[in-house]
Amino acid sequence: MRIAVFSTRPYDRRFLDAEAANHPELELTFLEARLDATTASLADGHDAVCAFVNDDLSAPVLDALAGSGVRLVTMRCAGFNNVDLEAARRNHITVTRVPAYSPYAVAEHTVALMLAVERRLHRAYNRVREGNFALEGLLGFDLRNKRVGIIGTGKIGQIVARIMRGFGCSLRAYDPFPNDEVRDYGVRYVDLDTMFAECDVITLHCPLTPETHHLIDEAALNKMKPGVMIVNTSRGALIDTRAAIEALKDGRIGNLALDVYEEEGDLFFEDLSDKVIQDDVFSRLLTFPNVFITAHQAFFTEEALTNIAQTTLGNASVFARDERSGNELTPEEIRGA
Ligand code: NAD
C-alpha cells in the first residue's frame, strides 16, 4: 500500500520511518506540502493519504483524492473537524484517526500554559536574560482554592481534572455526557452558565463541532467572572478570537493561554520569523502581556509521537488486510458522539 504523507516535518518522518520498519507492506512518500485542492494531485498513484490537523479534507479535496485512486485517509491526530466525512463516504474513502495517543501530553501542556501565563514566565524569562530582575508586572495568584471549570471531560479533560485536584483547586465541569469516574475526582458537573459565573479558570477540552464553534463568544464572556483565565488546547474555533480581544482590552479576561487559534492553518508549524505576519487578529493577540501562545504543540512529546506513528500505520495496515481497526470515523459515529 502506497501512502502519501502530507504536511511532513522532520519529526513526522523520524517517527513514521521508525514505525514503518515494522510494516514492510506499507510504502511512504513524504511530502512537505499541506493538503488542499491545489496539492491533492500529489497523491496520484497512492492508495492512501496520511494527513494532520491543518490539512484540508473538505469535499472538493476528497473528490480529487478519490479521482487519484485514494481509498484511505489515515489521520495522524485525534481531532477530525477538518474532514468532511459525508464526502468521504460518498467517495468510498475510509477515514481513520488516532483516538488516543497520549492524553497526558495535552493535559500536562494545558497546566504548563496555566502556570506560564499567570506567573508571567514568558516575561520573567526575557527579563532575567537581559539583567532585569525587577518583579513589577509579574504578580500572579495561587491556583490553590481557585475554581477551575473543565469543558469536556473526555480523555484529556479527565487528566486535567486529576492534575488540578492535586493543586488544591475546586473543580467544575460541563459535558453533555457526564462521567461518574470524573465525579470521583471531586468534580461537580454544572451547566455552562453556572460554570461561567463561578469559575476563575476555564479550560476547553471538547471537540470542535458546529455546536461548539465559538462556544466562548461575546455573550459567554459577559457571563464570566471579571479577570477569568481561559485556556484552550483543544481547537482554535472554540473561541471567537475577536470577542476575546475585546474582553482582554477591558479586563474581562485576565489571562488567556492558547495552543490553538482559529486561523492557525496559515501560521502554525511553519518558521515565519523572516516574514511579515498578515493576520492582524493574531498579531493583536501577541501584544497583550497576559496572553501566552504556543503553536499547537500540546501533543508534541516522544511518547505521543511514538503512539501516533504506531496507530496511524497500524490503521493503514489493518485497512490493507481488509479488516477494521475500530478507529474508523463515520458520520453516524460522530453525530452520536
Ligand atoms: P474525547 O473524545 O476523549 O473527549 C471529548 C469530550 O468532549 C467528551 O467527553 C464529549 O462528551 C465532550 N463534548 C462533546 N461535545 C461537547 C460540548 N458541546 N460541550 C462540552 N463537552 C462536549 O477527546 P480528547 O482526547 O479528550 O480530546 C479533546 C480535544 O482535544 C480533541 O477534540 C482535540 O480537538 C483536542 N486535541 C488537541 C491537541 C493539541 O495538540 N493541542 C491534541 C489532541 C487533541
Side-chain angles (χ1 to χ4, degrees), residues 7 9 11-12 51-55 75-83 85 97-114 149-163 171-183 185 187 189-196 199 202-217 220 230-239 257-262 264-265 267-269 292-305 307-308 311-312 326-327 329 333-337:
S7 300
R9 297 292 173 270
Y11 44 85
D12 296 307
F52 196 47
V53 291
N54 290 328
D55 287 311
M75 300 295 293
R76 56 181 190 278
C77 54
F80 47 85
N81 49 285
N82 51 336
V83 188
L85 292 169
R97 66 164 177 153
V98 185
Y101 41 87
S102 173
Y104 298 95
V106 184
E108 290 172 14
H109 191 76
T110 302
V111 180
L113 287 179
M114 282 179 197
I150 300 168
I151 301 186
T153 51
K155 291 176 285 296
I156 295 168
Q158 286 181 41
I159 296 167
V160 170
R162 272 154 56 187
I163 298 173
L171 302 176
R172 305 282 183 272
Y174 170 75
D175 193 309
F177 303 97
N179 177 326
D180 281 340
E181 207 181 314
V182 174
R183 288 196 175 96
Y185 309 148
V187 174
Y189 279 100
V190 293
D191 60 37
L192 276 180
D193 281 357
T194 307
M195 178 187 289
F196 293 157
C199 287
I202 292 177
T203 182
L204 304 173
H205 302 289
C206 58
L208 176 62
T209 62
E211 184 191 316
T212 60
H213 184 264
H214 286 184
L215 182 74
I216 307 300
D217 60 5
I230 299 176
V231 186
N232 187 8
T233 58
S234 203
R235 283 293 179 265
L238 294 175
I239 298 181
L258 303 175
D259 186 51
V260 286
Y261 166 61
E262 52 185 325
E264 70 179 45
L267 298 171
F268 288 7
F269 308 127
F292 192 105
I293 304 177
T294 52
H296 210 137
Q297 75 172 79
F299 72 99
F300 200 57
T301 66
E302 286 275 336
E303 292 81 358
L305 291 195
N307 292 338
I308 287 171
T311 306
T312 303
N327 295 329
L329 291 164
E333 279 167 79
I334 285 125
R335 278 194 290 269

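Remember, it's 1-based here, ligands and their atoms both numbered in the order they're listed.
- Numbered from 1 in the order shown, with element, the atoms of ligand 1 that lie under 4.0 Å from a heavy atom of T212 read 17 (C), 18 (N).
- Side-chain atoms of D259 come within 3.5 Å of backbone N or O of Q297 as a donor-acceptor pair.
- When all heavy atoms are compared, the tightest approach of A173 to V187 is CB-CG1, 3.4 Å.
- Close contacts between ligand 1 and P207 involve ligand atoms 5 (C), 7 (O), 13 (N), 14 (C), 32 (O) [criterion: under 4.0 Å to a heavy atom].
- Between atom 28 (C) of ligand 1 and the options R235, H205, Q297, the minimum heavy-atom separation is to H205.
- Considering backbone and side-chain atoms alike, P176 places every N or O at 3.5 Å or more from each N or O of ligand 1.
- Using a 4.0 Å cut-off between heavy atoms, I156 contacts ligand 1 through both its backbone and its side chain.
- Between the CE atom in M114 and the CD1 atom in I230 there is a gap of 12.0 Å [rounded to 0.5 Å].
- Close approach of ligand 1 to D259 is summarised as follows: ligand atoms under 4.0 Å from at least one heavy atom of the residue are 39 (C), 40 (O), 41 (N).
- Without hydrogens or angle criteria, T212 side chain to L215 main chain gives no donor-acceptor distance under 3.5 Å.
- Of the heavy atoms in Y101, only side-chain atoms (C-beta onward) come closer than 4.0 Å to ligand 1.
- For L208, the heavy-atom gap to ligand 1 stays at 4.0 angstrom or more.
- Interface of F299 with ligand 1, defined as ligand atoms under 4.0 Å from a residue heavy atom, comprises 40 (O).
- Ring geometry, F300 versus Y11: the interplanar angle exceeds 60°, so the pair is classed perpendicular (tilted spans 30 to 60°).
- For the 3.5 Å distance criterion, the side chains of S102 and N307 fail to qualify, holding no donor opposite an acceptor.
- Of the heavy atoms in T209, none comes closer than 4.0 Å to ligand 1.
- Interface of H296 with ligand 1, defined as ligand atoms under 4.0 Å from a residue heavy atom, comprises 39 (C), 40 (O), 41 (N).
- For D180, the salt bridge (charged side-chain N to carboxylate O under 4.0 Å, His left out) criterion is met by R183, not counting sequence neighbours.
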